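So the structure is just underneath, and the comments pick up after that.
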Amino acid sequence: MSSPSPRGLDEALDNLAEVAGRFFAGQDLDGVRRTDATFWQPGRRVVVKDSDGPVRRVVVKDSDGPVRRASYRAGWHRLTVRMAALAAAAGGAYGYLHHPDAVAQALTYGAPMAALATAACGATYRIKGRERRELLQEWVEPLHQALAGPLGVSEHTDPRAYLHIPADFTDDDAEIRIDLPLHLRFSRETVAELIMQKLALQNASFSWRLAGRDPHLIVKKKDRPPASLGLNDPGVRELLASVPESAPLIGLGAGKQKVSVDLDHDSPHVLISAGTGGGKSTILRTIACQLLHNGAQAHILDFKRISHTWARGIPGVNYCRDIADIHDALIELGAEGHRRIRLAEQLGDDVLAAEPDRVGPRQVILLEEINATMAQLRRYWEKIRSSDDPKTSPAIDALAEILFMGRQVRLHVLLVAQSATARALGGPEMRENFSTRILVRYTLNAWKMLVPEVHPAPKPTRHPGRVQVVLGGTARETQVLNLSEAEARAWAMAGVPSRHHPLTLHKPGTPEGNPPAAESGTTPETARAAGSEAGLVGLRAAQQELDGTTLAGLRWARRNDPEFPAPAGREGAEYLYQIDQLRQWARNRPRNAS
């Protein structure tokens, strides 16, 4: 066997010396310079080979593929990792040579524990890093692909090296930093427009800092909505008093611009989609109390029973908590809508344009938690329907008909859903009747399902009371007016008393325009005669008909509960009540009532 030539040995020693130098300098061992990282500074972008001039050092080509994350680290950082790995290998070899049995025993018992700890740490890292990965996939990488060309940055550059976007970049005080190339050969207008589009920013300020060796761009929110909005803030009461009767205030947007929905012109119905704790009931309360203030009537269909306790006893409010009463209320509202359609046809468009209340007072329907309510309505109908009845619940059909009715009938649905799927609402065509949609704490899938015309979807914020109001294909970030329960109740009751119409609906089977005598405000004698078939009872007899009630409890409710039915007649010193009204009250009273 021939010995290696002196020339080959010298080349091997030279290569070994070069690798050792790269090792201790913290460079890539193959000698290819992939990023602009130095020994003390981490890299920001890929170094691309210039084909037009001489190249003094080896660099990566733009077509070589993505660059490893390690190539962006500073040289001292990579050297520290290499020395630690080398020390660990040397220590293990030394221990094995001098204490082989101890090392073997440690490997036998320690290897499974190390594998288990590694798996646990990996799972924790993936769970904790989920938000970071979503930020990278949904926002950072698309922005990098859009900016790489205009900025003259290699598409294989790690976007995290020069795009510093916090996870909460939609918050009011968030700051976005973008490191710019030294050559500055780019269009500021193009870069700013791409940032606004890819990050779905509505109002932003751009601070260009181009001097020195660290040019960068700072992006912040501009003319952001107020941090909070309450009734006692300056000018809010005056603003509430000035909004039109058909356009309740939702909140204030950028630059304190008023955000409202006109139920007579923009959208007769409103859909609110939010996760748990998103403030759905607050939004409903804010809108409903303004409508009540202006003489509207409200039907609160609250299967949760406790979402709107502020509205108990307000004139013109029908609060249904029991699924049977929600079922009946929807059917009656559907019949009322048909009556109004026939009346509107008789009156004509000219008369309705001049006197829209000729068809009746404005009726607003607050439908809480549609996902659970629709399921309960289906189960209730399956339980009570006979073999001759249709399979579909008439209450669900009535809701669909109300949603398809025009603005002239003055029936408006304010619907709340955690997941406003087509199945939850009774079909995709029903969802399309909500031209105004308010989204808060939404997921990307929920946004794509409800407002696909607005793209890209703005990143949701955790700021309390901050929502996106989508109307006419445009999303407006809005700070919702937050009225407490006491404030909402007071505002609803502060309307002109004469505008509070008696709460009456046309019930199926009742001649139009002639409500039952017991509900039309007639004298006790005529009410007693009209209600004889339904049955008039005193409180002592009613306690035997109502489960879970006592005579003392009924007397207490008569004095203290604003929703307790009014007397329909009198026999001597005892007041008489319609038993059907007492049953309805008993079903819908709060669970913790005395």
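Just so it is clear, the model here is predicted, and its values are computed rather than measured. The residues of the chain are indexed from 1 along the displayed sequence.
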Exercise for the section: Might you work through the side-chain contact (heavy atoms from CB on, under 4.5 Å) test for E485 and T309, ending with a clear yes or no? Expected result: CA-CA 8 Å; E485 293 195 355; T309 55; 3.1 Å; yes
Handout entry: Chi angles and distances behind the side-chain contact (heavy atoms from CB on, under 4.5 Å) call for L263, L291
Key = CA-CA 10 Å; L263 300 177; L291 295 171; 4.1 Å; yes
Problem - Worked verdict on D561 versus R312 for salt bridge (charged side-chain N to carboxylate O under 4.0 Å, His left out) - result: CA-CA 9 Å; D561 190 346; R312 293 190 62 215; 2.4 Å; yes
Exercise for the section: Take L377 and L330, measure what side-chain contact (heavy atoms from CB on, under 4.5 Å) needs, and give me the verdict at the end. Expected result: CA-CA 10 Å; L377 286 172; L330 285 173; 3.8 Å; yes
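The minimum heavy-atom distance linking C320 with A329 is given by the pair SG-CB, 4.0 Å. Of all non-hydrogen atoms in P458 and A200, the two that sit nearest each other are CA-CB, 3.7 Å. Of all heavy-atom pairs between S273 and Q418, the closest is OG-O, 4.1 Å. Closest approach of D171 to K221, counting heavy atoms only: O-CD, 3.9 Å. For the residue pair L481 and G230, the shortest heavy atom distance occurs at CD1-C, 3.9 Å. Listed here is the closest heavy atom pair of N588 and R305: C-NH2, 3.6 Å.
For E368 and K304, the salt-bridge test fails: no basic side-chain N is under 4.0 Å from an acidic carboxylate O. Contact check on R540 versus E574 returns no salt bridge, with no Lys/Arg side-chain nitrogen under 4.0 Å from an Asp/Glu carboxylate oxygen. Using a 4.0 Å cut-off between a side-chain N of Lys or Arg and a carboxylate O of Asp or Glu, R362 and D264 qualify as a salt bridge. Checked for salt-bridge contact, R340 and E336 meet the test: a charged N lies under 4.0 Å from a carboxylate O.
A donor-acceptor contact shorter than 3.5 Å links the side chain of R407 to the backbone of D266. With H299 contributing its side chain and I365 its backbone, the two residues share no donor-acceptor pair below 3.5 Å. In this structure a side-chain-to-backbone donor-acceptor pair under 3.5 Å is present from H293 to W491. Listed for the Q290 side chain is a donor-acceptor partner under 3.5 Å among the backbone atoms of T286. For E401 (side chain) and G334 (main-chain N/O), no donor-acceptor pair under 3.5 Å exists by modelled atom type.
Within the structure, every pair that satisfies the ring-ring contact (aromatic ring centres under 6.0 Å, His included) test and touches residues 367-396, not counting sequence neighbours, is listed here: H327-Y380, H327-W381. For residues 444-466, the set of pairs meeting the ring-ring contact (aromatic ring centres under 6.0 Å, His included) definition, not counting sequence neighbours, comprises Y442-W447. Counting only residues at least two apart or on different chains, no ring-ring contact (aromatic ring centres under 6.0 Å, His included) pair has a member in residues 393-416.
Rounding to the nearest 0.5 Å places OH of Y319 at 9.0 Å from CG of L366. Taken to the nearest 0.5 Å, the CD1 atom of I287 stands 5.5 Å off from the CG atom of L414. Here the CD1-CG distance, from I300 to L284, works out to 9.0 Å after rounding to the nearest 0.5 Å. A distance of 11.5 Å separates CH2 of W585 from CZ of R558, quoted to the nearest 0.5 Å. To the nearest 0.5 Å, atom CZ of residue R378 and atom NZ of residue K383 are 16.0 Å apart. The CG atom of N318 lies 9.0 Å from the CD atom of E563; values are rounded to the nearest 0.5 Å.
Looking only at atom types and distance, the side chain of Q468 has a donor-acceptor partner in the side chain of Q202 under 3.5 Å away.
Ring pair F169/W139 is perpendicular by interplanar angle, where above 60° counts as perpendicular and below 30° as parallel.
When side chains are defined from C-beta on, L483 does not count as touching W310, because their heavy atoms never get closer than 4.5 Å. A heavy-atom distance below 4.5 Å is not found between the side chains of F303 and E369. V359 has its side chain out of reach of Q408: every pair of non-hydrogen atoms, C-beta onward, lies at least 4.5 Å apart. At a threshold of 4.5 Å between non-hydrogen side-chain atoms, the residues L582 and P565 count as touching. A 4.5 Å side-chain heavy-atom check between L471 and R476 finds every atom pair outside the cut-off. You'll find the side chain of L240 reaches within 4.5 Å of the side chain of L231, heavy atoms only. Residues R466 and D172 form a side-chain contact, since some pair of their non-hydrogen atoms from C-beta on lies under 4.5 Å apart. For the pair M405/H338, a side-chain contact is recorded, criterion being any heavy-atom separation below 4.5 Å from C-beta on.
Within 6.0 Å of the CZ atom in F564, the count of heavy atoms belonging to other residues, nucleotides or ligands exceeds 12. By the 6.0 Å contact criterion, CG on D350 is open, its count of non-hydrogen atoms from other residues, nucleotides or ligands being 12 or less. In the displayed structure, I306 atom CD1 is contacted under 6.0 Å by at most 12 heavy atoms of other residues, nucleotides or ligands.
At least one test fails for R431 against the ring of F434: distance under 6.0 Å to the centre or angle within 45° of the axis.
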